[in-house]
Structures are given as structure tokens and as C-alpha cells.
Amino acid sequence: MENILNTQLFSLFHPVGCIDILQAGERIISTKAERNFIIYMIVVIIVVCILVILFFMVYQKRKNQLLLRNVEQQKRFDEELIKTQQEIQEETLKQVGRELHDNIGQMLVMSTMQMNAAAKVVGDEAKNKVNNASEALKATLEEVRALSKSLNSDVIFNLGFDATVKNEVERLNKTGLIEASLSITGEKVNFENKKDEIILFRILQEFFSNTLKYAEAETLNLTLAYNEKYLKIEVNDDGNGFNIDAAEKGSGLINMEKRAELIKATYQLESQPKKGTKIILKYPYKII
């Protein structure tokens with residue numbers, strides 16, 4: 001025991017021993033300093049990484065907001081453009097409808113009256129021909145009046161949506177080109193926005209026109225179903241049909257879809273070759 005104590009005392013007071021102890025202390029101090037420095041650098045790197053991530057997230061959020069704002073602005077611009085086009089078209093159709101009613105209609109009335117007067121003075125041989133011509137003029141006059149009603153938005157406002165659609169179906173039947181039918185179910189609901197009636201009616205007119213031009217259909221069926229929250233409109237023909245995926249969208253199909261978007265109505269087009277074409281519209285009475 002004394003030997004061990006003497007050895008330790010010797011090491012403590014001996015110059016070489018003191019140097020060893022000091023070097024060991026310096027190594028301990030150096031190791032702690034290095035450890036603290038490494039910890040400090042790690043903390044700094046973590047903080048920098050967090051700041052970079054936060055900056056990227058804020059940048060990405062602002063970028064997305066800017067993109068959304070641009071999309072919304074473009075959407076509003078497109079809607080305003082469609083509304084402007086719609087207003088211009090309606091004004092043009094209104095003017096054409098007035099001209100048909102006031103000018104062409106009056107000319108046909110005068111022609112009919114003259115034909116009736118001529119029928120009274122001509123001989124029996126020509127009387128039948130004059131009467132046939134008079135009946136043709138009367139039929140033409142009725143067609144012009146019906147057409148003027150479907151073109152003039154003021155008349156549509158006054159008649160109401162159902163009556164206007166009924167008038168158009170009757171006009172189609174009078175052409176003899178197709179057999180059209182109309183079915184109305186549910187309790188009628190008045191639209192809050194009367195202009196929506198015009199847009200819906202123009203969509204139907206576009207479908208009727210396409211059917212007469214391209215479908216070679218024999219029948220056309222139209223259903224108006226008034227539900228509690230929306231009006232469901234379904235129109236179908238038994239014409240040629242077409243492949244929707246392969247077909248190139250013309251202005252008629254695009255116009256129908258864009259007009260439906262304008263009044264927040266859902267639009268669905270169905271067609272197959274040799275199986276006819278159908279559109280389904282769901283117009284909500286109120287947009288919440």
C-alpha cells in the first residue's frame with residue numbers, strides 16, 4: 001500500500017509525470033471542444049435545412065396561389081366572353097325574329113289576301129290552283145310566325161320556357177322532316193334568372209338543328225322533368241349517331257357545352273353509331 005502511494009506521489013511531483021497529466025487534460029479539453037463544435041455545426045445545418053424547406057414551401061404555396069389566380073382570371077374572362085357572344089347573338093336573333101314577324105309576315109299576309117281575292121274572280125279551272133297556292137301561303141305564314149317566336153328572346157320571356165319548347169316541337173312536326181314529341185313531368189318551377197331559360201332553349205335548338213342536318217333521324221323525343229332542386233332535360237333521336245371519342249367537335253357541340261357551363265348546368269352527351277344521339281341536362285334552380 002505504501003509502495004502504491006509512493007509511486008503516485010512520485011508521479012505527481014516528478015516533472016515527467018506532471019507533463020503526462022497535463023497532456024491528458026488537454027486531450028480531454030480538446031475532445032470536448034471538438035464535440036461541442038460538431039454539435040454546433042449539426043444544429044446549424046439542421047436550422048439551415050429547415051429554413052430552406054420553409055422557404056421552398058412558402059414559394060411553392062405562393063406559386064400555386066398565383067397559378068390558381070391566373071386560372072380563375074382566365075375562367076372569368078372566358079365566361080365574360082361567352083356572355084358577350086351570347087348577348088350579341090340574342091340581339092341578332094331578336095332583330096331577325098322581328099323582321100320575320102313585321103316585314104316577311106306582313107308580306108305573306110298581303111299575298112294570302114290577294115290570293116283569296118283572286119280565287120273569287122278566276123274560273124273553276126284555275127280556282128283549285130289558286131286555293132292551293134293560298135293554303136301554301138298560309139302554311140308559310142304560320143311557319144314564319146313560329147320561327148319568329150323561337151328567335152325573339154322577348155317572346156320567349158313572355159311565353160315561358162315550357163310554352164316556347166312546345167312551340168318549337170310543333171314547328172318541327174310541321175316541317176314533315178321528323179316526328180317530335182314532348183313530355184313534361186313534375187310541378188313547374190319558375191326560374192330565378194329568366195335569361196337561363198333562353199340559354200337552355202338555345203341548347204335545345206342547337207340539338208334540334210344538328211339532328212335535322214346530320215342525323216337522318218325519324219323521331220325525336222324530348223322530356224322535361226321538374227324535380228325539387230333541378231330541372232332534368234333529356235333529348236334523344238334515333239338517327240345515325242357517331243363515335244364521340246373519334247369525332248371532331250364542331251361549333252354546335254362546343255356551343256351546347258359552353259352554354260351549359262355558363263348557367264352551371266351539368267351536360268352529358270351520349271351517342272353511338274347507328275344508335276342515335278342523346279343529351280342530358282340538369283339545371284339547378286338555385287346556385288348556392
Side-chain angles (χ1 to χ4, degrees), residues 75 78-97 146-173 178 180-213 215 217 220-237 249-271 276-288:
K75 185 178 179 181
D78 292 341
E79 288 180 353
E80 289 299 323
L81 181 61
I82 294 172
K83 287 180 181 178
T84 303
Q85 292 173 340
Q86 181 75 19
E87 290 174 358
I88 294 173
Q89 185 183 48
E90 285 303 324
E91 196 61 35
T92 303
L93 292 175
K94 185 188 295 185
Q95 186 64 30
V96 172
L147 181 59
S148 68
K149 289 179 181 178
S150 67
L151 293 177
N152 194 334
S153 57
D154 290 339
V155 176
I156 298 173
F157 283 143
N158 293 331
L159 289 177
F161 182 71
D162 290 3
T164 305
V165 172
K166 184 179 180 182
N167 178 73
E168 189 70 6
V169 170
E170 291 176 351
R171 193 176 71 83
L172 288 174
N173 285 324
I178 197 169
S181 65
L182 171 64
S183 174
I184 303 177
T185 61
E187 186 176 351
K188 178 177 171 56
V189 176
N190 294 320
F191 296 1
E192 289 189 353
N193 189 346
K194 297 289 288 183
K195 290 184 178 180
D196 291 355
E197 293 184 359
I198 305 295
I199 296 175
L200 281 175
F201 181 67
R202 297 304 181 210
I203 294 174
L204 295 180
Q205 275 189 318
E206 191 70 53
F207 185 88
F208 298 159
S209 176
N210 290 340
T211 297
L212 293 177
K213 287 180 182 177
L220 182 145
N221 301 307
L222 169 62
T223 301
L224 306 180
Y226 286 94
N227 295 288
E228 183 179 352
K229 295 183 179 180
Y230 62 87
L231 168 63
K232 182 180 179 182
I233 303 174
E234 186 172 326
V235 199
N236 63 79
D237 64 45
K249 282 191 175 182
S251 59
L253 295 178
I254 294 174
N255 285 340
M256 287 193 292
E257 188 171 359
K258 291 296 183 182
R259 282 171 172 161
E261 289 179 2
L262 194 62
I263 58 175
K264 311 301 181 185
T266 60
Y267 171 86
Q268 182 180 350
L269 175 67
E270 299 176 3
S271 186
T277 304
K278 176 195 293 186
I279 62 167
I280 300 174
L281 293 165
K282 288 185 178 180
Y283 168 74
Y285 305 127
K286 296 181 180 180
I287 306 298
I288 300 175

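By convention here, the first residue in the shown sequence is residue 1.
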Between L224 and T185, does a side chain to side chain contact (heavy atoms under 4.5 Å, CB included) hold up when you go through it step by step?
CA-CA 6 Å; L224 306 180; T185 61; over 6 Å; no
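- The shortest non-hydrogen separation linking S271 to T277 is OG-OG1, 3.0 Å.
- Judged by distance alone, the side chain of Y267 and the main-chain N or O of E257 form no donor-acceptor pair under 3.5 Å.
- E270 has its side chain within reach of Q268: a pair of non-hydrogen atoms, C-beta onward, lies under 4.5 Å apart.
- Separation of atoms CG (L281) and CD (E234) is listed at 10.0 Å; rounding is to 0.5 Å.
- Here F161 pairs with F191 under the ring-ring contact (aromatic ring centres under 6.0 Å, His included) rule; sequence neighbours left out.
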Evaluate N190 against Y285 for side chain to side chain contact (heavy atoms under 4.5 Å, CB included), listing each step before the verdict.
CA-CA 8 Å; N190 294 320; Y285 305 127; over 6 Å; no
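- Side-chain N or O atoms of Y230 include none that pairs as donor or acceptor with a backbone N or O of A265 at under 3.5 Å.
- A side-chain donor-acceptor contact under 3.5 Å links D162 and Y226.
- Each of L222, I279, I280, T223 was scored for a side-chain contact (heavy atoms from CB on, under 4.5 Å) with I233, with one residue passing: L222.
- Atoms CG and CG, from L200 and L231 in turn, are 7.0 Å apart once rounded to the nearest 0.5 Å.
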Just do the side chain to side chain contact (heavy atoms under 4.5 Å, CB included) check on K232 and N227 with the steps written out, would you?
CA-CA 7 Å; K232 182 180 179 182; N227 295 288; 4.0 Å; yes
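- Considering only heavy atoms from C-beta on, N236 stays 4.5 Å or farther from L220 through its side chain.
- Partners of F208 by ring-ring contact (aromatic ring centres under 6.0 Å, His included), not counting sequence neighbours: none found.
- Rounding to the nearest 0.5 Å gives a distance of 10.0 Å between CD of E206 and OG1 of T211.
- Once rounded to the nearest 0.5 Å, the distance linking NZ of K258 with CD1 of I199 reads 14.0 Å.
- When all heavy atoms of N173 and A180 are compared, the pair lying nearest together is OD1-N, 2.6 Å.
- No donor-acceptor distance shorter than 3.5 angstrom exists from the side chain of S209 to the backbone of Q205, with no hydrogens or angles considered.
- A donor-acceptor pair is defined here as one N or O able to donate and one able to accept, closer than 3.5 Å; such a pair exists between the side chain of N193 and the backbone of K195.
- Remark: the backbone N or O of A217 is not paired with any side-chain donor or acceptor of D237 at under 3.5 angstrom.
- One finds the CZ atom of R259 at 11.0 Å from the CZ atom of F201 (value rounded to the nearest 0.5 Å).
- Looking at D196, its side chain never comes within 3.5 Å of a backbone N or O of I263 through a donor-acceptor pair.
- To the nearest 0.5 Å, atoms CG (L269) and CE (M256) are separated by 6.0 Å.
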